[in-house]
Each structure stands twice: as C-alpha cells, then as structure tokens.
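These notes are about the structure you will find just below.
Just follow the structure's listing: the first ligand is 1, and inside any ligand the first atom is 1. Computed from heavy atoms alone, side chains included, the values below leave out hydrogens, waters and symmetry copies. We count residues from 1, following the sequence as given.
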Amino acid sequence: MNGIIGMADLALDTQLSPDQREYLNTVKLSADTLLQLINDILDFSKIEAGKLDLDPIDFRLRDNLGDTLKTLAIRAHQKGLELAARVLPDVPDELVGDPVRLRQIIVNLIGNAIKFTERGEVVIQVAVDGQPQGDNLCLHFAVSDTGIGIPEDKQGVIFEAFAQADGSTTRKYGGTGLGLAISSQLVKMMGGRIWVESEVGKGSTFHFTAQMSLSKNLAPKLPTQQADLEGLPVLVVDDNATNRRISEEILRHWHAKPVITSSAAAAFTGMKKAHARGEPFQVVLLDCLMPETDGFGLAERIRQDPDLASTKLIMVSSTGRASVASRCREMGLAGYLTKPVKQSELFDAIATAVGNQGEPVAQPAAASPSEAGASRKLRVLLAEDNPVNQRLVAKLMEKHGHTLVAVNNGVEALGALERETFDVVLMDVQMPEMGGFEATARIRDREKSTGQHVPVIAMTAHALKGDRERCLEAGMDAYVSKPIQATVLFETIDSVVPNPSLVASVPEKLPEDDAAPAASVKVFDYEAALAMLDGDTELFSELAGLFTTESVQLLNQIHESIAGRDAKLLERSAHSLKGSAAAFSAGPSRAVAQRLEGMGARGEFGGADVVAAELREEVTRLTKALSKYRKEGAVCES
Ligand code: ADP
C-alpha cells in the first residue's frame, strides 16, 4: 500500500494530462479506501480472535476527550460544522479505563456524524449513568448530529459487520461498514452497550455506556482552579447555542460569573452597560466566526472604546491557521484558542489573562512547521530494507532538496552514523540483522558520552500500532505510520529537527539592539535578565554557562521520563528547566517547559514527545543566543 499510495502521490506531482491526472486520482482514492478496509479488518479480526485486550490505565477524561476532538475538528470545520463536547460537571475527571480504545469508539462515532452531516453541529455529551458503586461507575456517552438520519428498519443492522444503511453509502460517503461493528465489540469489552436513536432528515444520536473506575493515583486538579476564578465576570460571545451553553456550564462550575450573548452587537451593549454599573467584564471570550460582526470586528470596537479597551480578550477560532494567531498577536489580545476548546486550555487562558501575564496562551507557531522548514536542506539517513519504500522516501527527500543516505538495516545505520553526521534518522522498525528498536537503543547509548541527540523517527505499520510506546521507549523521538504520507512525514521531521533558520535568526547584534518590537517573541530578554542580576554581566556569563550544561541534562531526563512513563520525573525536570529559563526571562522556553510540567503533573503522556521536541528546539535557540551574549558581553567589557 505504501508503494501504491506513495508512488501515486509522486506521479500526481509531475506534469500530466487532465485524463492522466484523473486516473491517478482514482488510483489514490481507491488505495486510501482499501487501506482503511485493511486496517478495519485487521482490528476486527483481532477482536474476533480474542487477541485484543483492553489496557486500563489512569487517565483524565476531559483532556483525553479534548485531544481526541482536536484531531476531528479539521474535518468538521472544513464542512462548516460546529463540533463541541459537553462533559457534565459531576463526571469525575480522574479515571481508570482504556483511553486508546475509548478514543477509537469516539473517533468512529464522531467521524460518522461528521460524514453524514452537511449542516449544523456534532456534539458529544458525557454523563454518569446511574449510581456509582464504590469506586466503579458507568459513563454514558452520546454523540448527536444534525445529519441525514437512519431509517428505523436499518437501525439494528448497522451494528453488524460490513452493514451500511443504504447500498449507495460506500459510493457516496466512502467507508467500510466495519466501524460500528468494531465499536460494538469494544463497548461490550468495556462492560457497556451501544444503541442509536435517529430520525431520517433530522439527525442521529449514538449512545454508548462504558464501565470505568475512579483513579487512585491521579490527583484532582479542579479545587485549586475554582479558587482562582471565583466571582470573575466573564462575557461569552458565540452565535452557536450549544457552545454558549457549554461555556456557561464550565465557567459556572469554576464559580466564575459568566454572561452569554449570541452576537457582537449584544456583547458590546452588554459590556457598556456592565461598565456603567461599575461591574465591568474582566474577560471576554470571542467566537471568531460570527455572522454580521465577527470576533475581530468586535475586538476592534472594544479596543477603540476608552471604557472597554483594557478588557482582556480571548479569541476562539475554528481554524488553527497562523494568520488568525498572528492577527491576535498584532491586536494584543490576551489569548487565542482553537475549537473545540479543551477545558484545561480555557482555564489556563483565562487564568493567564487575568493574571496579567500579557503573553497570549496556546498560540500555534507563527508559521506552520512545514512553512518554516520549507527552505532548509537536511541530511537524512534512512534505514529501510524495502526497496520500494527506499525509493519513495528518496524521491520525497529529493523533491524537498534534502540529501538522503539510504541503508538497509540497523547495523548499516550505526555504521553510517559513525562516519557522517545527519540531521535526522528515519528508521524502519522491522529490518533484517538489526531492527529499528535495537539500532536506536544503541544510538542513544553512544550519545551518552557525547551529549548529542540525533532525532530518530520510527516508520512502522498500522498493524503494529501498539508499538508506539515501544518506539518512544527505545529512544525514538517521533513516529509515523506507513503508508507514509508526505505531509505527515515532513511535519514530523520539522517537529523533531531544531530549526536552523530560527537559530540563525538570533540577532547578530549587540544586546542593547535586541529591544525587539513587542510583537516578535524574544528568545530571552537580556535587559530583564541582567536587571535581575543587578546588572552583573560576569554573573550573567557564569549563569549562562551553567544553564548550557544543566539544560542538556534536564532535556535528557525529560526524554527518559517520557520513555519510561515517569510522570513525577517529567514534572520535576520540566519544572527545573522552567525555573532556569525564567531566570533569563526566556519566555518561549519557559512557556513550553511549563506546558510539559503540566503534562507531567497530570500524568498525560499523549503528545508529550512532541512538546519535548519543541522544548529541545527552544532550548537550543536559547543556549545559542546566550552564548552569543556571553561572548559579546565579554567583548563589550574589554
Ligand atoms: P461506515 O461508516 O464505514 O460505512 P459504520 O459501521 O461506521 O461503517 O456505519 C455503518 C452505517 O451506519 C453507515 O454506512 C451509515 O449508513 C450508517 N451510519 C452510521 N453513523 C451514521 C450517522 N451518524 N448518520 C447517518 N448514518 C449513519
């Protein structure tokens, strides 16, 4: 499949007649469908053969659900659908269950809901079902859509394997007819049941229940949060009623004082009135996309009104596009969030805004990683025994101007790394002689003495999905599944390889010249850092030197803690790094370290590897910049 999909992609990038393009597009589409079918059948047969076991672990429901929804949001927003999650306040957050399989069910149900809905919204609601029995409880999930609906006589069959409500479904919407069958089995394994309520033309609600228990290991994080936002007047502007209701419910649960409005005009009037009463809103959550005046229009109006200008504004947008983020920054908004908003993100954004820390939270990178990395040329080592895949990756790298050295197994990869340096290693997992896990472990072993770290990206098949943890444990930095999708591969490369263009952009000038315009984020603030040291440049140099050594150790510790799933160690080492970065007023490094620290505190490892790679990148920029200032400090003195 890798060969078919990859080569079709490559051929589509060449000069073609319209007919040829159409044929190849059909090849690509059919191959994608076939791949989905193969993956579903693999899962299904694993369940049928009793080879699939649940893997219950401690997890946080709201964060987990939030992350799942983020992955589905793009599809929903492309169709102009709202996607929202409502977790009732009495649903406990710290649970024991299998979050991976839970996610699979939710992805399938929400994926279907998006697929079969043209207009309106898709909402997932989570409630407690019945009375908890000691530490055990049953959760009730409901995914509703406003889509085409399912005729009554078909509502029973769709849960069977290969069944679709309508014979033309595959042609019109794609799909294999296996998703619900797999979900049914998974739900059964979780001690629950699944059913549907639906009306043709109105929409469907898929319900399922699942048994979980309360976690004894995860500490609740809500009580401290409540204290912080107590009594805070917050205005919510959103044209979607479901979103308004959810925001209101969450804010009330945090004991804030939310007021909801459905349009920019109503919001503005409300703000003026509140100001006149002497009870101004401190924070406004603005939906970016609204009819008539949108979020930016409203923000502009608020900014221009002397009574309201100081209100903290947080933009909530459905696109994670860089242009929206940079516009928020330009306008000096207090925060920027993408939909569907995770509760923890919302809390952090509001807390940061009222804490007056000034820095917009949860900003996506200014440019998408692939944009930022587009122009750089990398040296890539590929360890892969399959000649089709070798050729495919070689072509992809060539097209992006990277240099590729291909070897056939882990032993050869180790040899190549001994002879030459590479910016990144793409490592197949299953290879003759020496596989990817062992080769990576040996690379990491060698690096212990040199302090270096070459990013290794694992390439492995969907059937081995459970191997993700193994990849990270073996010391790999990231993971892409086969068949390789070019965009995913390049994005992954960008996320793990420190960006030389960013490093190079550290100004080649004297420290005082770096009073950069407020809009551009400084790697660190020399003046502020120096001020903290009473202007002692010598001490600054000494501390900068210390940081350079210490950060290497801490980054390694972070890496190990993620590989070993050691939440305490992750929290501790990220915390130390955060503290050290703060000593230099290094905003970006501090912010990323803080995010990781939070993940450690919450025991949340999903995506921790990506954040850790980001941190490594930031710290590399910081140490480079520090070394420059150290040297220049010396020059200035002499
Ligand atoms: P697939 O979506 O791959 O066809 P599923 O097992 O997930 O397979 O779904 C089976 C069938 O149930 C779909 O083909 C469709 O006819 C129907 N169905 C599932 N979800 C919805 C929904 N939200 N709205 C309308 N029809 C649905």
Counting only N and O atoms by type, is there a donor-acceptor contact under 3.5 Å from the side chain of D145 to the main-chain atoms of V122? no
Is there a side-chain contact between [X] and [Y] in this structure, where contact means two heavy atoms from C-beta onward sitting under 4.5 Å apart?
X: D238; Y: M290; result: no
X: L35; Y: N39; result: yes
X: L83; Y: K339; result: no

Test item, [X] contacting ligand 1 (heavy atom, 4.0 angstrom):
X: F206; result: yes
X: G147; result: no
X: K154; result: no

Can you check which of I150, D145, N112 brings a heavy atom nearest to atom 25 (C) of ligand 1?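 Looking at heavy atoms only, the winner is I150.
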What atoms of ligand 1 come closer than 4.0 angstrom to any heavy atom of [X]?
X: A113; answer: 23 (N)
X: G179; answer: 5 (P), 6 (O), 7 (O), 8 (O)
X: L178; answer: 6 (O), 8 (O)
X: N108; answer: 7 (O)
X: S204; answer: 24 (N)
X: K115; answer: 1 (P), 2 (O), 3 (O)
X: G177; answer: 1 (P), 3 (O), 4 (O), 6 (O), 8 (O)

Donor-acceptor pair between D43 and Q104 side chains, under 3.5 angstrom: yes
With sequence neighbours left out, what residues match V259 under side chain to side chain contact (heavy atoms under 4.5 Å, CB included)?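 Scan of V259 (side chain to side chain contact (heavy atoms under 4.5 Å, CB included), adjacent residues dropped) gives L235, F281.
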For Q155, side chain to side chain contact (heavy atoms under 4.5 Å, CB included) partners two or more places apart: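 Once residues adjacent in sequence are excluded, the partners of Q155 under the side chain to side chain contact (heavy atoms under 4.5 Å, CB included) criterion are I150, E152, V196, S198.
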Under 3.5 Å between some N or O of ligand 1 and some N or O of L180? yes
Heavy atoms from other residues, nucleotides or ligands near CZ of R391 exceed 12 (cutoff 6.0 Å):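 It does not: R391 CZ has 12 such atoms or fewer within range.
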